[in-house]
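The figures that follow rest on heavy atoms only: side chains count, while hydrogens, waters and symmetry mates do not.
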Amino acid sequence: MAGRLEGKVAFITGAARGQGRAHALAMAREGADIIAVDICRQIDSNPYPLATPDDLSETERSIKELGRRVVARIADVRERHELRDAVEAGVADLGRLDIVVANAGILPMAMGKPDPMHFVDATDVDLVGVMNTVAVTLPHLGSGASIIVTGSTAGMIRGTTDNDQMGPGGSGYAFAKRILIEYVEEMCLNLAPRMIRINAIHPTNCNTHLLHNEGMYTIFRPDLVAEGKTPTREDAEPAFTFFQAMPIPYVEPEDIANLGVFLASDESRYITGQQIRVDAGSLLKWPNGPGR
């Protein structure tokens, strides 16, 4: 039986691990060939390790194991020419482009002295990187194509990452995700005459490296920090449930990828300009911000 994405090609940023890898594998299982892109090096302001070339190779291997074709490239979403080279190489090899997942993102939390460059780095990746991804892929998209943007409930709920503890990088992350909401809605109107769709997925806490790192654990357990202790994942996980209405600490990358497959498929052919939350009720629990 043909998959829901049989014959389609997807371009995915941040594909080496986390949500990006989940999107790549879910779409490959449904028949899509994949152009997988990731930076595969560190950004100095980001306190947790970013993906490595080995991570990208693992995504590539896993796609091939599913019987699909893949073009994997190292590229920085902040550099439009690098993205353009990657998409052109992928289209030359795979023959077309139907799906775009603008997923790459960072959260450069302040672990030491706050630095305004952290705000710049966050917005360069999380906002400009999305716009660059759309810019280089749009010339290759035709009628029926689907663009999927990774947003965040942090762009919908004030006081999540935009707080004093997370510093300028957290503010930049929230700012980028807020602006993406408007960007998707404006792009929807401009793409609709060409029958190209664009939608945003807004996850709550997600089980990835962005959530699971020492910096985030200290933010969720300041009580332990005040006692001179270093919080662990086991310490932080109960506190992660604070944001969701459902009593869970986080959603899984596969939960996001399941929605991505639907938005990439012809089943959603008239769904565009939407802000779709995978948040276990977090926005409704905190419409005015956490604790308000």
Rounded to the nearest 0.5 Å, what separation is found between the [atom1] atom of [X] and the [atom2] atom of [Y]?
X      : Y      : atom1 : atom2 : answer
Met109 : Met166 : CE    : CE    : 6.0 Å
Arg233 : Met216 : CZ    : CE    : 13.0 Å
Cys188 : Asn199 : SG    : CG    : 7.5 Å
Asp85  : Ile74  : CG    : CD1   : 13.5 Å
Glu214 : Thr230 : CD    : OG1   : 5.5 Å
Glu185 : Met187 : CD    : CE    : 13.0 Å

Check whether any side-chain heavy atom of [X] lies under 4.5 Å from a side-chain heavy atom of [Y], and answer yes or no.
X      : Y      : value
Val91  : Val9   : no
Glu30  : Glu6   : no
Leu94  : Phe11  : no
Val125 : Ile43  : yes
Thr241 : Pro247 : no
Val184 : Gln275 : yes
Gln19  : Cys206 : yes

What residues, two or more places apart in sequence or in another chain, satisfy side-chain contact (heavy atoms from CB on, under 4.5 Å) together with Asp162?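 Only Arg158, Thr160, Ser171, Ala174, Arg178 meet the side-chain contact (heavy atoms from CB on, under 4.5 Å) criterion with Asp162.
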Applying side-chain contact (heavy atoms from CB on, under 4.5 Å), name anything that partners Asp235, two or more places apart in sequence or on another chain.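 Only Arg221, Leu224, Pro231, Thr232 meet the side-chain contact (heavy atoms from CB on, under 4.5 Å) criterion with Asp235.
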Co-membership, hydrophobic cluster, residues [X] and [Y], 4.5 Å side-chain:
X      : Y      : answer
Ile181 : Leu107 : yes
Ile39  : Val120 : no
Ile179 : Val130 : yes
Val77  : Met131 : yes
Leu83  : Leu56  : no

Could you report the tightest heavy-atom contact between [X] and [Y], atom names first, then the distance?
X      : Y      : result
Ala26  : Ala257 : CB-CB, 3.8 Å
Lys177 : Ser152 : CG-CB, 3.7 Å
Arg197 : Ser268 : NH1-OG, 2.7 Å
Arg69  : Asp93  : NH1-O, 3.7 Å
Asp55  : Arg21  : O-NH2, 3.0 Å
Ala122 : Gly169 : CB-O, 3.6 Å

Would you check if the side chain of [X] reaches a backbone N or O of [Y] as a donor-acceptor pair within less than 3.5 Å?
X      : Y      : result
Asp121 : His118 : no
Arg68  : Gly31  : yes
Gln42  : Asn46  : yes
Glu82  : Asp76  : yes
Thr208 : Gly18  : no
Thr161 : Gly170 : yes

With no hydrogens and no angle check, just 3.5 Å: does a side-chain donor-acceptor pair link [X] and [Y]?
X      : Y      : value
Asn103 : Thr150 : yes
Gln244 : Ser282 : no
Glu237 : Tyr250 : yes
Glu252 : Asn207 : yes

Is the distance between the ring centroids of Phe119 and Phe175 under 6.0 Å?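 For Phe119 and Phe175, the ring centres are under 6.0 Å apart.
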If you count every heavy atom of other residues, nucleotides or ligands that lies below 6.0 Å from Glu182 atom CD, does the total exceed 12?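 Counting neighbours around CD of Glu182, 12 or fewer heavy atoms of other residues, nucleotides or ligands fall under 6.0 Å, so no.
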Count the heavy atoms belonging to other residues, nucleotides or ligands that lie under 6.0 Å from CZ of Arg269, then report whether that count exceeds 12.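 Atom CZ in Arg269 is not crowded, with 12 or fewer foreign heavy atoms closer than 6.0 Å.
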What do the steps show when you test Lys113 against Asp115 for salt bridge (charged side-chain N to carboxylate O under 4.0 Å, His left out), and what is the final call? CA-CA 6 Å; Lys113 182 179 179 181; Asp115 186 336; over 6 Å; no
Which is it for Lys8 and Asp266 under the side chain to side chain contact (heavy atoms under 4.5 Å, CB included) test, yes or no, and what are the steps along the way? CA-CA 11 Å; Lys8 296 181 184 291; Asp266 294 338; 3.4 Å; yes
Under the salt bridge (charged side-chain N to carboxylate O under 4.0 Å, His left out) criterion, do Arg78 and Asp124 qualify, and how do the steps go? CA-CA 6 Å; Arg78 297 173 296 179; Asp124 277 356; 5.5 Å; no
Candidate pair Lys229 and Asp223, rule side chain to side chain contact (heavy atoms under 4.5 Å, CB included), full reasoning: CA-CA 9 Å; Lys229 299 176 181 177; Asp223 55 320; over 6 Å; no
Please tabulate, for side-chain N and O atoms in residues 134-144, each donor-acceptor pair with protein atoms closer than 3.5 Å (sequence neighbours left out).
unit_1: Thr137; atom_1: OG1; unit_2: Thr133; atom_2: O; d: 2.7
unit_1: Thr137; atom_1: OG1; unit_2: Val134; atom_2: O; d: 3.3

Decide side chain to side chain contact (heavy atoms under 4.5 Å, CB included) for Thr52 and Cys40; before the verdict, give the C-alpha distance in whole Å, the side-chain angles of both, and the deciding distance to 0.1 Å. CA-CA 4 Å; Thr52 66; Cys40 295; 5.8 Å; no
Show your reasoning for whether side-chain hydrogen bond (donor to acceptor under 3.5 Å, both in side chains) applies to Thr153 and Asp279. CA-CA 7 Å; Thr153 51; Asp279 70 342; over 6 Å; no
Under a single-linkage rule joining Ile, Leu, Val, Met, Phe, Trp and Tyr whose side-chain heavy atoms are separated by less than 4.5 Å, which residues share a cluster with [X]?
X      : value
Tyr270 : Met195
Ile148 : Leu5, Ile12, Leu25, Met27, Ile34, Ile63, Leu66, Val70, Ile99, Val101, Ile201, Met246, Ile248, Val251, Ile256, Leu259, Val261, Phe262, Leu263, Ile271, Ile276, Val278
Leu284 : none

Apply side chain to side chain contact (heavy atoms under 4.5 Å, CB included) to Asp38 and Thr13, showing your working. CA-CA 6 Å; Asp38 211 299; Thr13 64; over 6 Å; no
Could you walk me through whether Glu79 and Arg84 pass the salt bridge (charged side-chain N to carboxylate O under 4.0 Å, His left out) test, one step at a time? CA-CA 9 Å; Glu79 302 293 341; Arg84 183 178 291 110; over 6 Å; no
Parallel, tilted or perpendicular: which fits the ring planes of Phe240 and Tyr217, with parallel below 30° and perpendicular above 60°?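 Ring orientation of Phe240 relative to Tyr217: tilted.
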